[in-house]
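Chain letters run A, B, ... following the sequence lines, proteins first and then strands; every chain starts at 1. Heavy-atom basis, side chains included; hydrogens, waters and symmetry copies ignored.
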Amino acid sequence: MNTLTETLSILNDAQQAAVTAELGHHVVLAGAGSGKTRVLVHRIAWLIENRSLSPFNILAVTFTNKAAKEMKYRIESMIGMSANAMWVGTFHGIAHRLLRAHWKEAGLSQNFQILDSEDQHRLVKRVIRELELDEAKWPPKQAQWFINKQKDKGLRSDQTPSGDHFQTVMKKIYDHYEEATQKNGLIDFGDLLLSAYELLRDNPHVLAHYQQRFQYILIDEFQDTNTLQYEWLRLLAGKTAYVMIVGDDDQSIYSWRGAQVENIRRFERDFKNTCIIRLEQNYRSTGNILKAANQLIANNNGRLGKNLWTESSDGDVISLYAAFNELDEARFIVDRIKTWIKDGGRPSECAVLYRSNAQSRILEEAFLQAAVPYRIYGGQRFYERAEIKDALAYMRLINHRDDDPSFERIINTPTRGVGNRTIEIIRDHARTQGGSLWHAATDIVTEELLPSRAHTAVCEFIELINAVTEHIDGKSLAEQIEYTIRNSGLLTHYQKEKTEKGRARVENLEELVNAAQQFSEDDIIDGQPILSAFLSHAALEAGEGQSDQFSDCAQLMTLHSAKGLEFPLVFIAGLEEGLFPHQMSLEEPHGLAEERRLCYVGMTRAMQKLYLCYAEVRSLYGRERRAIPSRFIYEIPIECLEEVRMRSRISIPVSQVRKTPSFIKTENEGQYRIGQAVKHGKFGNGVILNIEGSGNKARLQIHFKKTGSKWLVAELAKLEALS
DNA sequence: TCTATGGTGATTTTT
DNA sequence: TCACCATAGA
C-alpha cells in the first residue's frame, strides 16, 4: 500500500506516533490546527493495512454529521475501497442504528419516530398545559432543558431525585412527557442515547455481540462528550476493545449543554495503560496569532497542558480596532474585507466571528450597504423549516397514525375548519378513552359527537389521510411525497401566499421532493422501510442552512459555530466586558474560563491575519451603553498587538488602557474553590464564581440565588461550605 | 380565521 | 430595540 507509506512520511513525529501506535488505549491531545482529522484518517488506514483489522471491526464516532461524512470520505479515498462495513457516524446516528436493529430489546415500537428539539418543545408545552400548570411560572423551555439534562446524566423520570418544589414539579413534567413519548412511539435526541445505553446495559447478548464486533473504537472531539456518552463508550468498549480518543481541553466550549471536559481525565483512569500523545505543531496560523492565543489560554487553570508552536513566520501582528460604536465596528470590518478583496483575496476567505447572534444584524446591514457578498451561518436549517415540517408531519401520520404531535400539527394546516374547540374535544376523548388523537378522532366521527360543520371537517381530514395513504402505496419515495404535498392542500396553501416568503416555501417543498429522489439512491439503512428511513434522516440531519453555501461569500457566524473551521482573515467583533465574556457566563461557575476558551477557539481560526474589535459605546436592548474593552484583550502580549487608528477619531492607546486593568482577576484557589456551593447568613445559598487572592484575605465573587452576584471578603463573610 | 395589540425577556447549538 | 408569544376583537 504505497499511498499510506508515502503519506506517512509527510506526517510529523507526533502525528506518526499517533498513527502507528501499537494497539492499546490512546489519548490524542490535538491542538487547534494540528492536523487532527488527518491523524484519525491515517490511523484507521494504518490499522486496516498494517494490523489487518477489518473495517467491520472499527467504530468511529464524531459529533456532527459533517465531520462523519468527511471522515468517511477521506478514509475511502485513502484505502481505495468502500468503508461501508465500518461504522462511522455521530453518537446519535449510531445510537439510532442500534435501536432500529434491536427495537424489541430496547422496548420501542418498530416504527418509532424521532422528535427534534422543536417537536420536543411543543410536546413539553402540551404536557405543561395538560397538567394545568402556569406556563409563565413553568416555562416550557426550562422544563425541556431540565428533561434533557436528566437524560444527559442517564436518568429516567423515575430516577430523578425529587427535592424542593421546583424539582418535584419538573420531575412531574418529565414523567408525563415520558409517558406521552412512549405512548406515541416517539424518541427525542437525548432518548436516542439513553435508550441505546440501556439497550446495551440490559441485554448481555446484544452487548456481547457489539463488543465482539468493535475491536477498535475512535472518538473525535472527546472534550464534548457528556456523562451518558462516556458511560455508553465504557460499556461498549468492555474489556477487550482498544479506544483512541481525540480532543482538546482548551477547545471545550459546550459545557453548558452537558459536555464534561473531565471525561478526558476520567478516560485515563478508567482505561488502563493509556498512552497520551500531544499534537502541538500548528499548521494553520502565523507565529503572532499562535503566541497570542497561547498566552491568552495560559490564564486558565487546570489545563492538561499543551503549547502550540509553528514553523511559519511571525506574520502580521494582530490588529485591534476600538470602534466608536457598533456601526463603526461593522463599517470598519466591511471596509477591511473590501481591501482584502481589492488586493486579490476572495470574500470566502474572510470570516467575522461574534459572541451572540444579535450582533449579526448590524454587520449584515454594513455588508449589504457595501455590496460585499456575505453569508450568515446558522439560522434555520432545511428540515427545520415550517413548511418542510408540515410536509413531514403528513408523511409521519401516513406512516404511523398514532403520532400525536404530527396529528396536532396538521389537523388544521392548511386551515380546514377544525378549530381549537374541536381539537380540545378530540384531546379530551383521547385522554379519557386512552389511545391516540387519531384514534379518538375516528371514534368521535363514528359516534357523531361533533357539531355538523366540525364533524364534516374532521371526516374530510380522516378520509384525506386514508386516501393518500392508499394512493401512494407502492410508489417511490419522491412520488409519495410529491403526491402528498399536492393533495393535502399544503402546496396550494403556500402558493396562495403572494409574498417572497411564500414563494420560497413553495420552492422548499419542491426541494424536498428533490431530496427524497436523491435519498432513495444513496442511503439505504438496514432493511428499514424507505419512508421511515427518510423521516429519521430528516430528524437526525437537519441539513444546511442556506442554499447558496458554495458561493464566494464572506462568512458571518458565532464563535461557537466557527469551531473546526479556518480562514485566512478573521475578525472577532464585540470584545467587550459583558458581551465577550458574556455577562451570563460570568454568573456561572467556571464561566469565565469557558469564555476564554471560546476566545481561544476564535483566535486560532485565523491563518494569516486577525482583527480584534470592540466598540466604546454599544446599544443593547435599545439603550446605549458605555462599554469596557474585554479583559481578553489585556491577556494578549502587547508585542503581538497593534492598534488601528481610523481617520479623525481618537482612541485610547492600548498601552494606556493597560494601566487600569482593574478587572483582571486571578483564579487562585485556596480554602474555597470555584463552583463551590456556600451559605451566607444574610444572602442565603450561593455559588462561588471567582476567587481573588488566597486564604482569609481572599475576596470571593459569589452568585446568590436571591440577590445575584456579590464580591465578599472571605474572612468577614462567615461562609458555610455546602459541598 | 386572520390581524392587531401588548407584555415579556433577551448567550452559545448539535443531534 | 425587537422579536416572539398569547390573547382579544373583527
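- Counting atom types as modelled, A:S117 pairs no side-chain N or O with a base atom of B:dT14 as donor and acceptor under 3.5 Å.
- Within the 4.0 Å cut-off from OP1 or OP2 of B:dT14, not a single side-chain nitrogen or oxygen of A:T90 is found.
- Residue-level contact check: A:S619 touches neither bases nor backbone, having no heavy atom under 4.0 Å from any strand.
- Across the P atoms, B:dT13 and C:dC4 are found 16 Å apart, a figure rounded to whole Å.
- Both A:L540 and A:A358 sit near DNA chain B, but only A:A358 has its closest nucleotide nearer the 5' end.
- The distance between atom CD of A:Q380 and atom P of B:dT14, rounded to the nearest whole Å, is 13 Å.
- Atom CD of A:E135 and atom P of B:dT8 are 15 Å apart (whole Å).
- A:L556 places its CG atom 15 Å from the P atom of B:dT12, with the value rounded to the nearest Å.
- Salt bridge A:K151/A:D188: present, at least one basic N to carboxylate O contact under 4.0 Å.
- A salt bridge between A:E408 and A:R126 is present, with a side-chain N of the basic residue lying under 4.0 Å from a carboxylate O of the acidic one.
- If you check every strand for non-hydrogen atoms under 4.0 Å, A:Q359 touches nothing.
- To the nearest angstrom, P of B:dT14 lies 17 Å from CD1 of A:I114.
- A cation-pi geometry, defined here as NZ or CZ lying under 6.0 Å from the six-membered ring centre and within 45° of its normal, does not hold between A:R596 and A:Y600.
- For the P atoms, the distance linking C:dA3 with B:dT12 amounts to 15 Å, nearest Å.
- Ionic pairing of A:D220 and A:K36 is present here: one or more N-O contacts between side-chain nitrogen and carboxylate oxygen are shorter than 4.0 angstrom.
- One atom, CD of A:Q120, and another, C1' of B:dT14, lie 13 Å apart when rounded to the nearest Å.
- A straight line from CD of A:E541 to C1' of B:dT13 spans 16 Å, rounded to a whole angstrom.
- Residue-level contact check: A:R361 touches the backbone only, with heavy atoms under 4.0 Å from sugar-phosphate atoms and none from bases.
- Residues meeting the side chain to side chain donor-acceptor pair (under 3.5 Å) test with A:S619, sequence neighbours left out: A:E326.
- When side chains are defined from C-beta on, A:R74 does not count as touching A:L40, because their heavy atoms never get closer than 4.5 Å.
- If you check every strand for non-hydrogen atoms under 4.0 Å, A:K125 touches sugar and phosphate atoms only.
- For the pair A:W256 and B:dT12, the ring geometry qualifies as stacking, because the centroid separation is below 5.5 Å while the planes lie within an angle under 30°.
- Along DNA chain B, the nucleotide nearest A:E588 and the nucleotide nearest A:G419 are compared for position; the residue whose nucleotide lies closer to the 5' end is A:G419.
- Picking from B:dT15, B:dT12, B:dT1 the nucleotide with the shortest atom distance to the side chain of A:R381 gives B:dT15.
- The existence of a salt bridge linking A:R597 and A:E594 is confirmed by a sub-4.0 Å separation between a basic side-chain nitrogen and an acidic carboxylate oxygen.
- We find that A:E576 and A:R625 are not joined by a salt bridge, their nearest charged nitrogen and carboxylate oxygen being 4.0 Å or further apart.
- In this model, the phosphate group of B:dT1 is not approached by any side-chain N or O of A:R416 to a distance below 4.0 Å at OP1 or OP2.
- What separates OH of A:Y621 from C1' of B:dG9 is a distance of 8 Å, to the nearest Å.
- Salt-bridge check for A:E635 with A:R631: failed, with every basic side-chain N at 4.0 Å or more from each acidic carboxylate O.
- Residue contacts shown for A:G190 are absent, as no nucleic acid heavy atom lies under 4.0 Å away.
- Both geometric conditions, a ring-centre gap below 5.5 Å and a plane tilt below 30°, are fulfilled for A:H582 over the base of B:dT11.
- At least one side-chain nitrogen or oxygen of A:N357 sits closer than 4.0 Å to the OP1 or OP2 atom of B:dT13.
- The separation between A:H537 atom NE2 and B:dT15 atom P is 12 Å, rounded to whole Å.
- Within 4.0 Å of A:F91, counting heavy atoms only, lies no atom of the nucleic acid at all.
- Closest to the side chain of A:N65, from the set B:dA10, B:dT15, B:dT13, is B:dT15.
- A close approach under 4.0 Å does not occur between any side-chain nitrogen or oxygen of A:Y383 and OP1 or OP2 of B:dT14.
- Using a 4.0 Å cutoff to heavy atoms of chain A, the contacted part of DNA chain C runs 5' to 3' from C:dT1 to C:dA6.
- In this structure, A:N412 reaches the sugar-phosphate backbone alone: every heavy-atom distance under 4.0 Å involves primed, P, OP1 or OP2 atoms, never a base.
- Residue A:F63 is classed as a sugar-phosphate contact, given heavy-atom separations below 4.0 Å to backbone atoms only.
- Looking at the side chain of A:T415, the nearest of the listed nucleotides B:dT15, B:dC2, B:dT12 is B:dC2.
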